[in-house]
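Accompanying notes for the structure given below.
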Amino acid sequence: MSEPNFTPSLALNQGTNAPAEMGQDDLEAVRRLRDAFDNIKKQLSRIIVGQDEVIEELLIALFSRGHCILEGVPGLAKTLMISTLSRSLSLAFSRIQFTPDLMPADITGTEVIEENRSTGQREFKFLPGPLFANVILADEINRTPPKTQAALLEAMQERQVTVGRVRHKLDAPFFVLATQNPIEQEGTYPLPEAQQDRFMFKVFVRYPKFEEEFEIARRTTSLQSDEVAAVLGGEQILELQNLVRKVPVSDHVIRYTLALVRQTRVGEPGIPKFVREWLSWGAGPRAVQYLILGGKSRALLHGRVHVQTEDIQALAYPVLRHRILTNFTAASEGITSDTVIKKLIEETPAKDNELSRDERFKKIFAS
């Protein structure tokens with residue numbers, strides 16, 4: 001689908017929900033966001049070939065103050081993509097290689113005893129760990145024990161780390177990108193569902209198309225070297241993150257989002273038969289929050305100041321795929337979480353009058 005050119009006057013007149021809380025300054029900020037998005041993609045294209053959908057989802061999560069899990073086989077440039085993104089955003093980047101012997105203090109930092117030369121007294125001094133950056137690449141996060149995974153959880157949720165009895169705030173913006181390898185699962189520590197739920201998106205990094213791989217082979221086997229220019233700074237990103245929260249959402253879009261998520265909950269009234277057959281449990285309220293926030297960010301990136309159901313549909317896969325658990329029956333039939341999400345979208349009416357009049361959804365909304 002082609003993306004519309006953004007003009008504030010047109011955006012104000014689209015849809016029925018006028019953005020009453022967005023002033024002229026905000027509309028100018030929307031224009032800057034749209035321009036920055038185009039410039040970031042242009043900068044990344046100098047290093048990264050293809051992966052447009054992955055890059056868009058990463059930026060949506062960033063502007064929504066969310067975190068991402070990237071899953072893909074080795075060699076798909078996940079690390080390069082993330083480090084290049086941090087350079088285009090002029091943010092401090094830190095890469096942590098998660099291994100079985102990694103301890104919490106290795107990522108959060110530790111206190112050491114240091115002698116004060118002026119007084120001669122010894123005192124504790126905190127040495128910050130690699131978590132004290134803006135963009136964190138948690139490489140192979142499932143290869144470290146739960147104790148270290150839990151240390152990352154506080155940083156993701158609270159934007160702080162606790163060492164001893166002292167809490168240390170992390171600088172904003174703070175963005176965690178964790179990678180997982182879908183193969184070689186021996187000796188790994190799968191993330192518990194509670195920690196997976198803290199990630200806004202689970203993004204699949206897939207094999208490149210033929211033309212993209214041809215270009216990759218041509219670029220990486222020559223002397224070609226491109227520089228990446230910074231497009232946005234930290235203060236600008238924080239401003240745009242606040243702008244995302246101002247985007248209005250109609251009651252219909254909220255109902256549609258609730259309809260998608262509540263259908264995944266096994267045992268609730270009105271859920272479809274295939275959900276009872278294929279799922280062990282479904283998504284919680286955080287999925288609704290992330291779908292709406294992501295929809296706001298996606299709307300701005302596509303030149304709109306209101307959220308549509310197509311924004312929710314586009315983000316349903318990365319938001320829900322790690323929040324619903326398929327059972328043995330689904331696995332035996334080759335059914336994945338993406339299969340379930342696709343079927344949910346197909347069976348959920350996008351029009352308000354159809355959704356509100358459907359007898360099955362009346363049960364869902366009444367429960």
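The model shown is predicted, which means the values in this text are computed figures rather than measured ones. What's counted below: heavy atoms across the whole structure, side chains too, no hydrogens, waters or symmetry copies.
If you check the side chains of Asp139 and Thr179, you find a donor sitting under 3.5 Å from an acceptor. For the residue pair Asn39 / Arg34, no side-chain donor-acceptor distance below 3.5 Å is found, with atom types taken as modelled. Side-chain N/O atoms of Ser83 and Ser86 include no donor and acceptor closer than 3.5 Å. Side chains of His302 and Gln308: a donor-acceptor N/O pair is absent below 3.5 angstrom, by distance only. For Glu154 and Thr162, the side-chain atoms include at least one donor-acceptor pair closer than 3.5 Å.
In the displayed structure, Arg167 atom CZ is contacted under 6.0 Å by at most 12 heavy atoms of other residues, nucleotides or ligands. The environment of CD in Gln97 is crowded: more than 12 heavy-atom neighbours from other residues, nucleotides or ligands sit within 6.0 Å. The number of heavy atoms from other shown groups lying within 6.0 Å of OH (Tyr207) does not exceed 12. In the displayed structure, Asp171 atom CG is contacted under 6.0 Å by at most 12 heavy atoms of other residues, nucleotides or ligands.
The two atoms that bring Val163 and Phe126 nearest to each other are CG2-CE1, 3.5 Å, heavy atoms only. Scanning all heavy atoms of the two residues, the minimum distance from Asp106 to Asp101 falls at OD2-O, 4.2 Å. Taking every heavy atom of both residues into account, Arg265 and Gly284 meet most closely at NH2-C, 3.5 Å. When all heavy atoms are compared, the tightest approach of Arg245 to Lys296 is O-NZ, 3.2 Å. In plain terms, the two heavy atoms of Val247 and Val307 that are nearest each other are CG1-CG2, 4.1 Å. Considering every non-hydrogen atom in both Val266 and Ile271, the closest pair reads CA-CD1, 3.9 Å.
In the hydrophobic cluster analysis, where Ile, Leu, Val, Met, Phe, Trp and Tyr join through side-chain heavy atoms closer than 4.5 angstrom, Leu153 is grouped apart from Phe175. Cluster annotation: Leu238 is not connected to Leu89 through the hydrophobic network of ILVMFWY side chains, with a link wherever side-chain heavy atoms come within less than 4.5 Å. The cluster map of Ile, Leu, Val, Met, Phe, Trp and Tyr, joined by side-chain heavy atoms under 4.5 Å apart, puts Phe365 and Ile312 in the same cluster. The same ILVMFWY cluster, assembled from side-chain heavy atoms under 4.5 Å apart, contains both Ile345 and Phe201. Both Leu320 and Met200 belong to a single network of hydrophobic side chains, linked directly or stepwise wherever heavy atoms of I, L, V, M, F, W or Y lie under 4.5 Å apart.
Looking only at distances, a side-chain donor or acceptor of Arg321 sits under 3.5 Å from a matching main-chain atom of Lys202. Checking side-chain atoms of Gln236 against main-chain N and O of Gly233 turns up a donor-acceptor pair under 3.5 Å. Remark: the backbone N or O of Ile141 is not paired with any side-chain donor or acceptor of Thr144 at under 3.5 angstrom. Remark: the backbone N or O of Gly294 is not paired with any side-chain donor or acceptor of Ser297 at under 3.5 angstrom. Remark: the backbone N or O of Asp52 is not paired with any side-chain donor or acceptor of Glu56 at under 3.5 angstrom. The closest donor-acceptor contact from the side chain of Thr84 to the backbone of Leu44 lies at 3.5 Å or more, if one exists at all. Side-chain N or O atoms of Ser94 include one that pairs as donor or acceptor with a backbone N or O of Pro130 at under 3.5 Å.
For the atom pair Arg276 CZ and Thr329 OG1, the distance stands at 13.5 Å (nearest 0.5 Å). Of the inter-residue distances, the one linking Ile324 atom CD1 with Thr336 atom OG1 reads 8.5 Å to the nearest 0.5 angstrom. Note that the CG atom of Asn134 and the CG atom of Leu62 stand 10.0 Å from one another [nearest 0.5 Å].
Looking at Pro272 and Glu347, their side chains come closer than 4.5 Å, going by heavy atoms from C-beta outward. Residues Cys68 and Leu58 have side chains in contact (heavy-atom distance under 4.5 Å, counting atoms from C-beta outward). Contact annotation: the side chain of Thr257 never approaches that of Leu260 to less than 4.5 Å [non-hydrogen atoms, C-beta and beyond]. Considering only heavy atoms from C-beta on, Gln263 comes within 4.5 Å of Thr348 through its side chain. Counting heavy atoms from C-beta outward, Phe361 and Pro349 have side chains that approach closer than 4.5 Å. Arg286 has its side chain within reach of Arg198: a pair of non-hydrogen atoms, C-beta onward, lies under 4.5 Å apart. Residues Asn327 and Leu279 are not in side-chain contact: their nearest non-hydrogen atoms beyond the backbone lie 4.5 Å or more apart. Counting only heavy atoms from C-beta outward, the side chains of Arg218 and Glu215 approach each other to under 4.5 Å.
Between Lys209 and Glu213 there is no salt bridge, since none of the side-chain N atoms of the basic residue sits less than 4.0 Å from a carboxylate O of the acidic one. We find that Lys362 and Glu359 are joined by a salt bridge, their nearest charged nitrogen and carboxylate oxygen being less than 4.0 Å apart. Salt bridge annotation for Asp352-Arg255: present, with a cationic side-chain nitrogen under 4.0 angstrom from a carboxylate oxygen. Using a cutoff of 4.0 Å between basic side-chain nitrogens and carboxylate oxygens, Arg323 and Asp197 are scored as salt-bridged. A salt bridge is defined here as a Lys NZ or Arg NE, NH1 or NH2 lying under 4.0 Å from an Asp or Glu carboxylate O, and Lys78 with Glu71 fails to meet this definition. Contact check on Glu140 versus Arg143 returns a salt bridge, with a Lys/Arg side-chain nitrogen under 4.0 Å from an Asp/Glu carboxylate oxygen. Remark: Glu158 does not engage Lys169 in a salt bridge, criterion side-chain N to carboxylate O under 4.0 Å. The pair Asp311-Arg304 meets the salt-bridge criterion, with a side-chain N (NZ, NE, NH1 or NH2) lying under 4.0 Å from an Asp/Glu carboxylate O.
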Inset, instruction - Apply the test side-chain contact (heavy atoms from CB on, under 4.5 Å) to residues Ile335 and Val340: give CA-CA distance (whole Å), side-chain angles for both, the deciding distance (0.1 Å), then the verdict. - result: CA-CA 7 Å; Ile335 302 299; Val340 177; 4.0 Å; yes
Inset, instruction - Go through the steps to decide whether Lys343 and Glu346 satisfy the test salt bridge (charged side-chain N to carboxylate O under 4.0 Å, His left out), and finish with yes or no. - result: CA-CA 5 Å; Lys343 199 166 179 59; Glu346 291 173 349; 5.2 Å; no
Inset, instruction - Starting from the C-alpha separation in whole Å, work towards a yes-or-no answer on side-chain contact (heavy atoms from CB on, under 4.5 Å) for Leu152 and Thr148. - result: CA-CA 7 Å; Leu152 182 64; Thr148 307; over 6 Å; no
Legend entry - Intermediate values then yes/no, side-chain contact (heavy atoms from CB on, under 4.5 Å), Val135 and Leu85: CA-CA 9 Å; Val135 179; Leu85 176 64; over 6 Å; no
Legend entry - Steps toward side-chain contact (heavy atoms from CB on, under 4.5 Å) verdict (Leu300, Phe63): CA-CA 10 Å; Leu300 292 181; Phe63 293 130; over 6 Å; no
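Not counting sequence neighbours, Arg357 has no partner by the salt bridge (Lys or Arg N to Asp or Glu O under 4.0 Å) test.
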